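Both backbone and side-chain heavy atoms feed into the values below; hydrogens, waters and symmetry mates do not. Note that the structure is a prediction, hence the values are computed from the model and not measured.
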Amino acid sequence: MSTLTDLLAEHTKLSGAAVDHLQLVVAEWQLLSDLSFADFNLWVPLDDGHFLCVAQARPTTAPTAHPEDVVGSTMTVEEHPQLRRAVDESRICREEDPRWHLGVPVRRETIPVRLGTQVIAVLSRSTNLAVPRVPSPLEISYLGSAADLCQMIADGTFPTAEPSPDVHTSPRVGDGLIRLDPSGAVVFASPNALSAYHRMGHASDLVGVHLAPLTRSLIGDPFDATEVAQRIRAALDGQASMRMEAESRRGAAVLFRALPLRPRGQAAGALVLCRDVTDVRRRDRALMSKDATIREIHHRVKNNLQTVAALLRLQSRRMTNPEAREALAESVRRVTSIALVHETLSMSVDERVDLDDVVDKVIPMMGDVAVTETQVVVRREGEFGIVSAEIATPLVMVLTELVQNAFEHAYAPGQRGEVVVQSERSAKWLDVTISDDGRGLPPGFSLERTERLGLQIVRTLVDSELRGSLSLRRRPRGGTEAVLRVPLRGRR
């Protein structure tokens, strides 16, 4: 499905400013749809006189009038004459009689989308009349607010580019809605809005109360209290809406957003959306505490592993048997590889590891513990990317064992060579090839029957931990390559 930007670029010659304004309209129109109890479609005029639907929104407060997807379809002037009327007359147009659509009576209206002096698109508002509605204070307030905002769209005063918000979410109509008159007094408060203010510490009704000073008295932090009150007053003065979160003296966290209402340039008050996010913030704090605890555990595990590695080095210095010293050196390398993964996890906030960073630290370490007479360099090609902690440790272990195996068995003492670690990543797989230009595999070699401890460790990790596949084979131009494939998704 093409995006709004794609459709506008393909079918229209709208300027960048016009496209940006339509993006703002689409970002706000779920609010309009919920307040209107109606579907909204965004139509742009084409050169041939038709109108193209480039976006669609359905209400969460009422049944939809358009169960089908109409984005990308066109409409002629004969099929919907109010689209052309809205452009030509630059005003909201409404059909006198409902029409039937897919067996449902629908009332249609069109709202011109103005930018400066130009109408750049048209919003169609389609209300499903199949469900009878009994007028209530909530419905009357919702529809009145929607009418003001739609008129502001026709005036070109809504939406406007919002200053950078302090929070990256916004309360919705159903979370809590308060309508203010031009003086700032509450004329309507939805039940959820009342509940949010009750949790903040206001026990009585909100109707008739001036909201800005009341909210200021309920918020604990003086700076936040002043800021929220100022933003409510700014909306009453017609300034751009902003979002902010504040905590009351009782510990209730509430998200606020104030929108000015100025149809035809006349002050009509403001809308204040509020959402009680106390439980959400409590869970966020609990998760942050758990994340900090997990990172501290990784840090301590890393320190303990480094202590173990240091003890093994001390023990290896006391050994006179070369084989024992080599075995201890290999253990140091394995322990240090695991410690590097835990060090990375101790600095991560989401239990994910930048494997390129870890591998670049492990490669020099492998060269340090290799046979001294062998002059072999290791080079990395491609990117491993970010992987989950679940596979990071076994994957690093497998890579270090395979590279170390090339160091120890592919080259004769004093021989120069190069080991290349090449990675290629797709959406589902991580493919790694470790190749050398050494002597190649011995005759009759079998990965399944090998007695080398390093390769036995590799086989176990690939099969049980990574759920991947591994093969060792001769290179056509001499040497050996190990081919590893690890699934990145769907692991259990």
Side-chain angles (χ1 to χ4, degrees), residues 1 4 7 22 25-26 28-46 49-114 119 121-155 158 172-174 177 179 188 190-192 261 263 271:
M1 175 63 67
L4 170 62
L7 289 170
L22 294 182
V25 171
V26 170
E28 295 286 5
W29 70 350
Q30 190 61 55
L31 170 68
L32 294 172
S33 181
D34 290 342
L35 288 173
S36 301
F37 307 100
D39 290 67
F40 274 77
N41 293 334
L42 180 61
W43 301 88
V44 292
L46 303 178
H50 292 62
F51 284 81
L52 172 70
C53 181
V54 293
Q56 179 176 7
R58 297 183 177 93
T60 61
T61 52
T64 180
H66 289 289
E68 79 283 12
D69 186 5
V70 297
V71 175
S73 63
T74 57
M75 186 80 72
T76 65
V77 175
E78 291 75 18
E79 292 172 317
H80 200 337
Q82 281 72 26
L83 291 173
R84 175 52 57 187
R85 285 184 58 196
V87 174
D88 295 341
E89 301 177 16
S90 190
R91 66 178 181 87
I92 298 176
C93 301
R94 181 177 182 179
E95 289 180 335
E96 294 183 0
D97 299 317
R99 64 173 57 218
W100 289 84
H101 176 70
L102 299 179
V104 174
V106 175
R107 185 182 300 281
R108 299 192 303 187
E109 297 172 85
T110 53
I111 302 121
V113 180
R114 180 189 292 273
V119 175
V122 179
L123 283 177
S124 67
R125 178 165 59 176
S126 304
T127 305
N128 185 336
L129 301 179
V131 179
R133 309 190 67 88
V134 178
S136 65
L138 183 146
E139 181 168 335
I140 293 171
S141 181
Y142 275 26
L143 291 174
S145 301
D148 288 343
L149 290 173
C150 288
Q151 183 59 53
M152 291 171 66
I153 289 178
D155 297 338
F158 179 81
R172 299 165 297 179
V173 170
L177 179 139
R179 173 80 187 243
F188 172 79
S190 71
N192 284 342
L261 295 178
L271 281 183

Could you walk me through whether Leu261 and Leu149 pass side chain to side chain contact (heavy atoms under 4.5 Å, CB included), step by step? CA-CA 7 Å; Leu261 295 178; Leu149 290 173; 3.7 Å; yes

Looking at Asn41 and Cys53, would you say the former's side chain and the latter's main chain have a donor-acceptor pair under 3.5 Å? no

Could you walk me through whether Ser145 and Arg179 pass the side-chain hydrogen bond (donor to acceptor under 3.5 Å, both in side chains) test, one step at a time? CA-CA 8 Å; Ser145 301; Arg179 173 80 187 243; 3.3 Å; yes

Check whether any side-chain N or O of Thr61 sits under 3.5 Å from a backbone N or O of Asp34 as a donor-acceptor pair, and report yes or no. yes

Expected output: side-chain Gln30 to main-chain Arg58 donor-acceptor under 3.5 Å: yes

Any donor-acceptor pair under 3.5 Å from Gln82 side chain to Thr110 backbone: no

Is it true that a side-chain atom of Glu79 and a backbone atom of Thr76 form a donor plus acceptor pair closer than 3.5 Å? yes

Side chain to side chain contact (heavy atoms under 4.5 Å, CB included) partner of Val54, chosen from Val26, Val71, Leu42: Leu42

Is it true that a side-chain atom of Ser36 and a backbone atom of Leu32 form a donor plus acceptor pair closer than 3.5 Å? yes

Roughly how far, to the nearest 0.5 Å, is CG of Asp97 from CD of Glu95? 8.5 Å

Distance col, row Arg125:CZ vs Arg94:CZ, nearest 0.5 angstrom, shows 8.0 Å

Spell out, as yes or no, whether a donor-acceptor pair under 3.5 Å connects the side chain of Arg114 to the backbone of Ala154. yes

Are the side chain of Ser33 and the backbone N or O of Ala38 linked by a donor-acceptor pair below 3.5 Å? yes

Starting at CG of Leu271, measure out to CG of Leu177 and round the result to the nearest 0.5 Å. 5.0 Å

Got more than 12 heavy atoms from elsewhere within 6.0 Å of CZ, Arg172? no

Which heavy atom in Cys93 sits nearest to a heavy atom in Glu89, and how many Å separate them? SG-OE1, 4.5 Å

Leu102 side, atom CG; Glu68 side, atom CD - distance, nearest 0.5 Å: 5.0 Å

So how far is it from Ile153 CD1 to Phe40 CZ, rounded to the nearest 0.5 Å? 7.0 Å

Starting at CD of Gln56, measure out to CG of Asp39 and round the result to the nearest 0.5 Å. 6.5 Å

Taking the side chain as everything from C-beta on, heavy atoms only, tell me whether Leu7 gets closer than 4.5 Å to Val44. no

Which pair of heavy atoms, one from Pro112 and one from Ser90, lies closest together, and at what distance? CG-C, 3.8 Å

Using the six-membered ring wherever Trp is involved, compare the ring planes of Tyr142 and Phe37 and label them parallel, tilted or perpendicular (cut-offs 30° and 60°). parallel

Shortest non-hydrogen contact from Ser73 to Trp43? O-CZ3, 3.9 Å

So which atom in Trp100 and which in Pro105 form the shortest heavy-atom distance, rounded to 0.1 Å? CZ3-CD, 3.4 Å

Ala86 and Val122: which non-hydrogen atoms are nearest, and at how many Å? CB-CG1, 4.0 Å

Can you tell me if Asn128 uses its side chain to pair, donor with acceptor, with the backbone of Thr64 under 3.5 Å? yes

Without hydrogens or angle criteria, can the side chains of His80 and Ser124 be said to hold a donor-acceptor pair below 3.5 Å? no

Compare all side-chain heavy atoms of Phe158 with those of Asp148 and state whether any distance is below 4.5 angstrom. no

Spell out, as yes or no, whether a donor-acceptor pair under 3.5 Å connects the side chain of Asp155 to the backbone of Pro263. no

